[in-house]
Asker: 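Quick one: the structure is below, questions incoming.
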Protein chains: 2
Amino acid sequence: MATMQDVARLAQVSVSTVSYVLTGARPISQATRDKVLAAMAELDYQPNAMARGLASRRSRILGLLLPMDERGLGATETAFVTGAAAAASVAGYHLVLSPIGVGDLDELRRLASQRMLDGALLMEVQLHDPRVDVLRELGLPLVLIGRTADTTDLSYVDIDFDQTVEEAVGHLVALGHRRIVYVNHSAGTIAEGYGPATRTRDAFTIAMTGHGLEPLMIPAEDSAAGGRTALATALRQAPDLTAIIAMNENAVFGLLGELGGRGLSVPDDVSVVSMVTSPQVAELATPALTAMNSPGSALGRIAIETLLRHVDNANGEIHQQLLPCALQVRGSSGPPRTGSNTAGNTGADGDEPTVPSTEAARRRAATRRRA
Amino acid sequence: MATMQDVARLAQVSVSTVSYVLTGARPISQATRDKVLAAMAELDYQPNAMARGLASRRSRILGLLLPMDERGLGATETAFVTGAAAAASVAGYHLVLSPIGVGDLDELRRLASQRMLDGALLMEVQLHDPRVDVLRELGLPLVLIGRTADTTDLSYVDIDFDQTVEEAVGHLVALGHRRIVYVNHSAGTIAEGYGPATRTRDAFTIAMTGHGLEPLMIPAEDSAAGGRTALATALRQAPDLTAIIAMNENAVFGLLGELGGRGLSVPDDVSVVSMVTSPQVAELATPALTAMNSPGSALGRIAIETLLRHVDNANGEIHQQLLPCALQVRGSSGPPRTGSNTAGNTGADGDEPTVPSTEAARRRAATRRRA
DNA sequence: ATGAAAGCGCTAACAG
DNA sequence: CTGTTAGCGCTTTCAT
């Protein structure tokens, strides 16, 4: 394993010169640089990460603090992780995933105090997240994925729930739906103030009211069973519902199962739009779910870029950014059976000029099936 | 940030003494140890990871080389990761997840040459995995999750596919099924020699033949659409099939959707058993899937323990271990409609003494729904 | 534009 | 059982 000494000797320069061509921290003549580079290549030199870290007080490691509950990473989170890892790699950093939740504060304190991390990304942020306090106290740069109650002086990236909900509602209203039910996370989760749940709740209320419609909402446990129960409740409270927007990625499957069990067809009897869902999960359902695709990968990239800016610049600009989920129409949404088009659905080809997106979705679904 | 010097001064001992109480590499009198420990606590001392790594030539970081394809981590992989991270943490190590696939050999070489890793776990191992060569060349301890074609001198942990398939088949045969179709990964994947696909194929052949039955197999693309196609093919080739074993976690959802679409009920018309599936995913389906639960967490723990043994003991024992998936009966499997019990299904309570597991499953499912 | 040298904070001989 | 000390391989002043 060649060291910098070896390179310096072979290139006939001092070690500091080698170091400087590596870090670019001071100008080096082209001739010298070439000599050094040649020597490095010759020796297959790779700088020792530990030595570099010790001397520079920079590990070039970023932490991704990710509470892995029993349920594990959904495709959405995975996209985020992948995007973040790629962005870190491009910048010459490594990304350590640490399954550290709000419970493991000591573990977090240890990790951060060991000076092993140059900065951290916090996922699954809670309204009052003690991890934030710990990290700030230790002076570790951090970026939130999500938002705490008070975001003063805190950089974050998050999903733009307002816009996402608005688009989901808009899609269904444009199709002709009037009775739309929103299936949220559980009542407990909402009461806790879980951001995605409360923000979408408020956004749904505003969006529906804006369309002159009643904002019907049902909570659901995060499970298939929760979805089944929620559907039953929804049908009791609004027997005439024609569409459902589901925030709860787990519940939505139970919900679909229960719809099928009751002989209700999707999307003819009930349209379903799933929120913050990855394409992979959306495609698992039959029919594939019209969904608001989470911008996981982009969020990850932006989060890392923001974090690195803080690392390089101890007191850099605070950066707070929201990204909306993009509507992707698939087979689970269509015009209501009894809507503006009272003629009824005689077939998949009943052209409905005002809703071209549904048509497009059908065609896409058909294509997929052939593939 | 207190250093070892500070601790030594406060405790009135030498730095080496402090170091030794930390590493336990040599006996320290109880009195001295207490003094040192007190000083550490007093100063809130945490060893500097970089300095320790440089001096000891040990980063205390293990790499988990995990190709994150577009599909992301399933719950199975997540359980593995969580199990591994926990085991590493217990041993005082950190686990770095690096999304390094067989393509990023340079990235891998860089990571390993920087001496940032003490060892590596390889996931998604291919039959001829170049990553193995790179790591061996660099002398980095490694443990495979899965198996290469030649496993000489290589430690690995993997799923015991033979036993898993045998149990799945046994479960269905015990219920009275005779026409069982195995839905595998795609033909291309099988042709490539992908271990899980070829091993289960062979195991299925043996298991079915052992029961005097014909081993019917259908390949399926890794998607819901693939599952739909596969079901169509299966019904064409074996119109009298009563049960399906699905290796393909993605296809199984399309398969279920298509069954529903054709008016076939699960499990009354067709029983479905999903292979190597996590409980979380199994519960998404309606009815919940009888599945072979992958021992993800245990695999992760054992892999780390094995790896650490290699790290501590450069040329330690090779450890090769297989773990079977455990059968978990849920709602998607039951006796065939036309089977040994020709009386027909008059209800869920038609006691079938030879198949108590199905009864248990029904009761469990009912309980779950109430929860 | 380059070199010399002083550490970074810890471990692990080597001495008692 | 404890102390002394020489590095680990690199970065970064301070010189020139």
Side-chain angles (χ1 to χ4, degrees), chain A residues 1-37 39-40 43-61 92 110 112-118 311-312, chain B residues 1-37 39-40 43-61 92 94 110 112-118 311-312 314:
Chain A
M1 198 101 296
T3 76
M4 212 173 232
Q5 287 272 11
D6 303 327
V7 176
R9 202 172 308 135
L10 183 60
Q12 320 226 55
V13 297
S14 72
V15 279
S16 60
T17 299
V18 177
S19 174
Y20 284 119
V21 342
L22 219 55
T23 63
R26 87 181 181 190
I28 299 281
S29 75
Q30 193 57 50
T32 323
R33 153 173 288 114
D34 289 346
K35 266 196 309 186
V36 171
L37 257 23
M40 285 193 194
L43 296 173
D44 206 14
Y45 170 76
Q46 284 294 128
N48 178 306
M50 294 297 130
R52 182 196 272 239
L54 177 58
S56 68
R57 292 102 203 288
R58 266 226 184 130
S59 65
R60 299 190 152 259
I61 300 178
R110 197 169 315 127
S113 312
Q114 287 183 152
R115 314 270 71 173
M116 176 157 270
L117 263 36
D118 286 350
V311 169
D312 290 339
Chain B
M1 201 98 297
T3 76
M4 210 173 236
Q5 287 272 9
D6 303 325
V7 176
R9 202 171 309 133
L10 183 61
Q12 320 225 58
V13 297
S14 71
V15 279
S16 62
T17 299
V18 177
S19 173
Y20 284 119
V21 342
L22 220 56
T23 63
R26 89 179 179 190
I28 301 280
S29 76
Q30 192 56 49
T32 322
R33 153 173 289 117
D34 288 346
K35 268 197 306 187
V36 172
L37 256 21
M40 285 193 189
L43 296 173
D44 208 12
Y45 169 77
Q46 284 295 129
N48 179 305
M50 295 297 129
R52 182 197 272 238
L54 177 56
S56 67
R57 295 103 202 291
R58 230 171 234 184
S59 65
R60 300 192 149 257
I61 299 178
H94 296 285
R110 197 169 315 125
S113 311
Q114 287 183 148
R115 313 270 70 174
M116 176 156 271
L117 263 36
D118 286 349
V311 169
D312 290 340

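The sequence lines fix the lettering, A, B, ..., with proteins before strands; numbering per chain opens at 1.
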Asker: Check the distance between D:dG3's P and B:Gln12's CD and give it to me in whole angstrom.
Answerer: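 After rounding, the reported distance stands at 10 Å.
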
Asker: Closer than 4.0 Å, any side-chain N/O of B:Ser14 to the OP1 or OP2 of D:dG3?
Answerer: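 Looking at the OP1 and OP2 atoms of D:dG3, one of them is under 4.0 Å from a side-chain N or O of B:Ser14.
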
Asker: Once Watson-Crick and G-U wobble pairs under 3.5 Å are found, how is DNA chain D written in dot-bracket notation, 5' to 3', with | for any base paired to another strand?
Answerer: ||||||||||||||||

Asker: Rounded to the nearest 0.5 Å, how far does CE of B:Met50 lie from CG of A:Asn48?
Answerer: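 It is 10.0 Å, given to the nearest 0.5 Å.
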
Asker: Output yes when a side-chain donor or acceptor of A:Ser56 lies under 3.5 Å from a complementary backbone atom of A:Arg52, and no otherwise.
Answerer: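 Such a contact is found between A:Ser56 side chain and A:Arg52 backbone.
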
Asker: Using a cut-off of under 3.5 Å, enumerate the N/O to N/O pairs linking the protein to nucleotides 11-16 of chain D.
Answerer:
unit_1 : atom_1 : unit_2  : atom_2 : d
D:dT11 : OP2    : A:Ser19 : OG     : 2.7

Asker: Between atom CD of A:Gln46 and atom CD of B:Gln114, what is the distance when rounded to the nearest 0.5 Å?
Answerer: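 Reported value, rounded in 0.5 Å steps: 5.5 Å.
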
Asker: Atom CD of A:Gln5 to atom P of D:dC8: distance rounded to whole Å?
Answerer: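 That distance rounds to 9 Å.
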
Asker: Rounded to whole Å, how long is the line connecting atom CG of A:Asp6 with atom P of D:dG9?
Answerer: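 One finds 9 Å between P of D:dG9 and CG of A:Asp6, rounded.
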
Asker: Nearest 0.5 angstrom please: A:Met4 CE to A:Ser16 OG, how far?
Answerer: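 Spacing of CE (A:Met4) from OG (A:Ser16) equals 9.0 Å.
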
Asker: Kindly say whether B:Ala31 contributes a backbone atom to a donor-acceptor pair with the side chain of B:Asp34 at under 3.5 angstrom?
Answerer: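 Checking the backbone N and O of B:Ala31 against the side chain of B:Asp34, no donor-acceptor pair under 3.5 Å is found.
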
Asker: Any chance the side chains of B:Thr32 and B:Ser29 put a donor and an acceptor closer than 3.5 Å?
Answerer: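 Yes, because at least one side-chain N or O of B:Thr32 sits under 3.5 Å from a partner of the opposite role on B:Ser29.
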
Asker: What's the spacing between B:Met1 CE and B:Asp6 CG if we round to 0.5 Å?
Answerer: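 That separation rounds to 10.5 Å.
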
Asker: Could you give the start and end, 5' to 3', of the contact zone on DNA chain C for chain A, using atoms under 4.0 Å from its heavy atoms?
Answerer: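 With heavy atoms of chain A under 4.0 Å away, the range is C:dA1 to C:dG9.
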
Asker: Nearest 0.5 Å, please: how far is CZ in B:Arg33 from CD1 in B:Ile28?
Answerer: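 One finds 6.5 Å between CD1 of B:Ile28 and CZ of B:Arg33.
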
Asker: Judged by atom type as modelled, is there a donor-acceptor pair below 3.5 Å linking the side chain of B:Thr17 to the main-chain atoms of B:Val13?
Answerer: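 It does not hold such a pair.
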
Asker: For a 4.5 angstrom cut-off between non-hydrogen side-chain atoms, does A:Leu10 reach A:Val7?
Answerer: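 Side chain of A:Leu10 against side chain of A:Val7, heavy atoms only: no contact under 4.5 Å found.
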
Asker: Evaluate salt bridge (charged side-chain N to carboxylate O under 4.0 Å, His left out) for A:Asp312 paired with A:Arg58, printing each intermediate quantity in order.
Answerer: CA-CA 10 Å; A:Asp312 290 339; A:Arg58 266 226 184 130; 3.8 Å; yes

Asker: Would you kindly give the CG-to-P distance between B:Asp34 and D:dC1, to the nearest whole Å?
Answerer: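 It works out to 14 Å between those atoms.
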
